[in-house]
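Working notes, beginning with the structure itself.
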Amino acid sequence: MGNAGESWDDEYDVVVAGSGAGAMAGALAAASAGLRTAVLEKTGVLGGTSAYSGSAIWLPGTKVQERAGIGDSAESARTYLRALIGDGTAAHREAFLETAPELVDFLEQDPAIEFEFQPFPDYYDAPGRMDMGRSFVPLPLPAERLGDLAGLVRPPVDRDRAGRGHSASKPLVQGRALIGRLLLAITATGNGDVRTGTALTDLVVEDGEVTGVVAATPDGPRRLRARHGVLLAAGGFESSAALRGERGVPGGAAWTMAPDGANTGDAITAAVAAGASTGLLDQAWFCPGVLTPDGLPAFTLGFRGGLVVDGSGRRFANESLPYDQMGRRLAAAEGPFHLIFDARSKGLPAISVPPVALEEQVASGTWVEAGSLADLAAKTGLPAGTLAATVERFNGLAAKGADEDFHRGEDPYDLFFTGGKPGLVPVDEPPYYAAEIVLSDLGTKGGLRTDPDGRVLDGADRPIPGLYAAGNTSASFTGPVYPGPGIPIGSAMAFAYRAVQDMRR
Ligand code: FAD
């Protein structure tokens, strides 16, 4: 822990660690209230996984849903969350529901920020579900509006992974639009100091209160005072193989969708050293990932054809399940996993981030092509007899138009990506293909235990004065459930906003 009593190198009212959607929303709330605010970002660019994201935001009962006329309300969202999560985190749920409309009012009053409803079904068949969803997204942001600041936002995932940087001419969309818009708004307050290449390493605790941080900066270690509070919103520990192993998170650090090496649990570690308690540490926002030529996964959702088999060559789940649920099926089954498809369906999922192209995948040897199923089995190591039987059974179900084994195509979520059809397409037209699928994630979701105001709790459930957490640095109030599109970002923003309101009291 940073030593108390030493002098400060810089003084702020609020210090925010991280620059994802939660961090930036919290920083905007602080800076626009006249508080001198520092955003510390470990890497050279802002936005973390939030910048890679689709930027769906699940904040129910706000004026965005009202404008869209979709009949959403806090009551129906409560019913839905309650049915899925129970009442174990009821206080957090209520705080989240209460804050959603206020937060959206606050954000949209800023000229830099505009949202629109985007249809995308909630993920569970439960009372209060909205079949077309209730989440919204930021409008695209022309790069010119950001000017020189555009270079501060993390590039799209495909360009970032290939080290290709920005495409200056293109508007920022989805997660990059969200981060770009929040950055514009923070900058306009004149109270925000955005410091890239600056990693929180320690917390300074004086008389039991967190009064600042120690950060590794391009100029060496610096002590930064935080008069009102420190908000830890620096992602989870998905990129730390050691912490994942220790805490039993399935998947792998090499397969997470988070930016390479960014989220290694630093803020959680620093807070634990200051007496914080943790929860839900073996959990993540899971997803299937299809392997791409660089050996990294592409987050895939919306399977429109093909079938997924486990290492024994058998199906084991409804392939169209919402991605976190499919990820959990992968975690419970034995791999290696393959998406098997043919020339007819082309098998490609509706969405892959980064995008994948069949020809490129096959040419690189990442996906296997074969003239027959027997050949495909030989090339992938799958048992030929079982694979043939699985495909024959699947084709029979496809002919009937009913997946009697796993009920694919029966839920509004499944049908969303397949134009209302069950998405059961026979696999019988050579060439055949096998695409390896791994258990990926969008970040871990266990971390610091907080109260409904984002205050970090110690082992005796007492808030640690001056210390707050949001996003994947904190233990999610949703437990092991991923209720709908935009919950990670919506909840990160809501609890970061609440944390800053608490700091101001
Ligand atoms: P991040 O956004 O990852 O931000 C953490 C930041 O903290 C990083 O920039 C990191 O470099 C920085 N950091 C780490 N350590 C330190 C340190 N010591 N000091 C300072 N900075 C540090 N979720 C949704 O809600 N809606 C969606 O539409 C959606 N789509 C997705 C699509 C894709 C392709 C992916 C990959 C994810 C998606 N998700 C979505 C999930 C969501 O993006 C993440 O779970 C969420 O953004 C995590 O937010 P965070 O603030 O906790 O972490």
Side-chain angles (χ1 to χ4, degrees), residues 15-26 38-59 118 120 133 135-138 153-154 156-158 160 174-175 178-179 195-203 213-217 230-240 256-271 284-287 289 296-301 323-324 351-355 440-445 447 469-474 476 478 482-496:
V15 171
V16 179
S19 66
M24 297 293 273
V39 173
L40 314 184
E41 168 52 49
K42 170 174 162 177
T43 67
V45 282
L46 303 172
T49 317
S50 305
Y52 284 172
S53 80
S55 73
I57 303 173
W58 205 92
L59 286 170
Q118 175 180 266
F120 205 112
S135 57
F136 53 84
V137 292
V153 181
R154 185 171 284 283
V157 59
D158 49 339
D160 204 25
Q174 301 185 332
L178 181 61
I179 298 302
R195 301 173 64 151
T196 54
T198 301
L200 169 117
T201 53
D202 256 322
L203 295 168
V213 307
V214 181
T217 80
V230 172
L231 171 60
L232 302 176
F237 55 90
E238 53 271 15
S239 294
S240 165
T256 182
M257 285 298 300
D260 188 27
N263 296 340
T264 47
D266 312 347
I268 299 172
T269 303
W285 311 101
F286 292 109
C287 65
L296 298 172
F299 165 34
T300 54
L301 55 149
Y323 46 88
D324 178 68
I351 301 176
S352 315
V353 188
S440 181
D441 62 72
L442 312 177
T444 49
K445 67 185 310 199
N472 292 345
T473 302
S474 60
S476 173
T478 61
Y482 197 142
I487 274 276
I489 288 180
S491 57
M493 291 170 80
F495 288 106

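Numbers for residues simply follow the sequence, beginning at 1. Quick caveat: nothing in here was measured; it's all calculated off a predicted structure. Order of listing sets the numbers, starting from 1, for every ligand and every atom in it.
With ligand atoms numbered from 1 in the order given, ligand 1 contributes 52 (O) to contacts under 4.0 Å with heavy atoms of Gly471. Residue contact check: Leu40 has heavy atoms under 4.0 Å from atoms 20 (C), 21 (N) of ligand 1. Taking every heavy atom of Ala262 and a limit of under 4.0 angstrom, the matching atoms of ligand 1 come to 10 (C), 11 (O), 14 (C), 15 (N). Residue contact check: Thr43 has heavy atoms under 4.0 Å from atoms 11 (O) of ligand 1. Ligand 1 places these atoms under 4.0 Å from at least one heavy atom of Pro488: 23 (N), 24 (C), 25 (O), 45 (O). Those atoms of ligand 1 with a heavy atom of Leu200 less than 4.0 angstrom away are 17 (C), 18 (N), 19 (N), 20 (C). Shown in contact with Tyr52 at under 4.0 Å from a heavy atom are these atoms of ligand 1, numbered in order with element: 33 (C), 34 (C). Heavy-atom proximity to Ile487, at under 4.0 Å, picks out these atoms of ligand 1: 25 (O).
When side chains are defined from C-beta on, Tyr52 counts as touching Asp160, because their heavy atoms get closer than 4.5 Å. Using a 4.5 Å heavy-atom threshold, the side chains of Leu178 and Ile489 count as touching. In this structure, the side chains of Thr49 and Pro259 come closer than 4.5 Å at one or more pairs of heavy atoms.
Looking only at distances, a side-chain donor or acceptor of Ser19 sits under 3.5 Å from a matching main-chain atom of Gly47. Between the side chain of Thr264 and the backbone N or O of Asp266 there is no donor-acceptor pair closer than 3.5 Å. When atom types are taken as modelled, the side chain of Thr444 and the backbone of Phe237 share a donor-acceptor pair closer than 3.5 angstrom. Checked by atom type and distance alone, the side chain of Ser474 never pairs as donor or acceptor with a backbone atom of Asn472 at under 3.5 Å. Between the side chain of Ser50 and the backbone N or O of Gly20, no donor-acceptor pair lies under 3.5 Å.
At a 4.0 Å cut-off, not a single heavy atom of Ala23 sits close enough to ligand 1 to count as contact. Using a non-hydrogen distance threshold of 4.0 Å, Ala258 does not register as a contact of ligand 1.
Heavy-atom minimum distance, Leu232 versus Ala267: CD1-O, 3.8 Å. Nearest heavy-atom pair, Gly54 versus Val137, reported as atom, atom and distance to 0.1 Å: O-CG1, 3.9 Å.
Counting protein heavy atoms only, atom 47 (O) of ligand 1 is closest to Ser50 OG, 2.8 Å. In terms of protein heavy-atom proximity, atom 48 (C) of ligand 1 is nearest to Asn472 ND2, 3.3 Å. Of the protein's non-hydrogen atoms, Gly235 CA, 3.4 Å is the one closest to atom 53 (O) of ligand 1. Shortest contact from atom 1 (P) of ligand 1 to any protein heavy atom: Thr49 N, 3.5 Å. Scanning the protein heavy atoms around atom 35 (C) of ligand 1, the nearest turns out to be Leu442 CD2, 3.6 Å. For atom 6 (C) of ligand 1, the nearest protein heavy atom (residue, atom name, distance) is Glu41 OE1, 3.6 Å. Of all protein heavy atoms, the one lying nearest to atom 30 (N) of ligand 1 is Gly54 N, 3.0 Å. In this structure, atom 32 (C) of ligand 1 lies nearest to the protein heavy atom Ser53 CA, 3.3 Å.
Summarising the contacts of atom 16 (C) of ligand 1 with Met493, Lys42, Lys445, the nearest heavy atom is found in Lys42. Across the listed options Ala216, Gly236, Ala56, Ser476, Ala56 owns the non-hydrogen atom lying nearest to atom 24 (C) of ligand 1.
Residue Thr201 does not touch ligand 1, judged by heavy-atom distances below 4.0 Å. The part of Ser55 lying near ligand 1 is the backbone, judged by heavy-atom distances below 4.0 Å. Looking at Ile57 against ligand 1, nothing comes within 4.0 Å, counting heavy atoms. Contacts with ligand 1 closer than 4.0 Å are made by side-chain heavy atoms of Val353 only, the backbone lying farther away.
Every N/O-N/O distance between Arg154 and ligand 1 stays at or above 3.5 Å. For ligand 1, none of its N or O atoms has an N or O atom of Phe299 under 3.5 Å away. For the pair Val45 and ligand 1, the shortest N or O to N or O distance does not fall below 3.5 Å. Remark: ligand 1 and Gly48 share an N or O pair separated by less than 3.5 Å (distance only, no angle test).
Between Tyr482 and Tyr323, a ring centre-to-centre spacing shorter than 6.0 Å is recorded.
Side chains of Glu238 and Thr256: no donor on one and acceptor on the other come within 3.5 Å.
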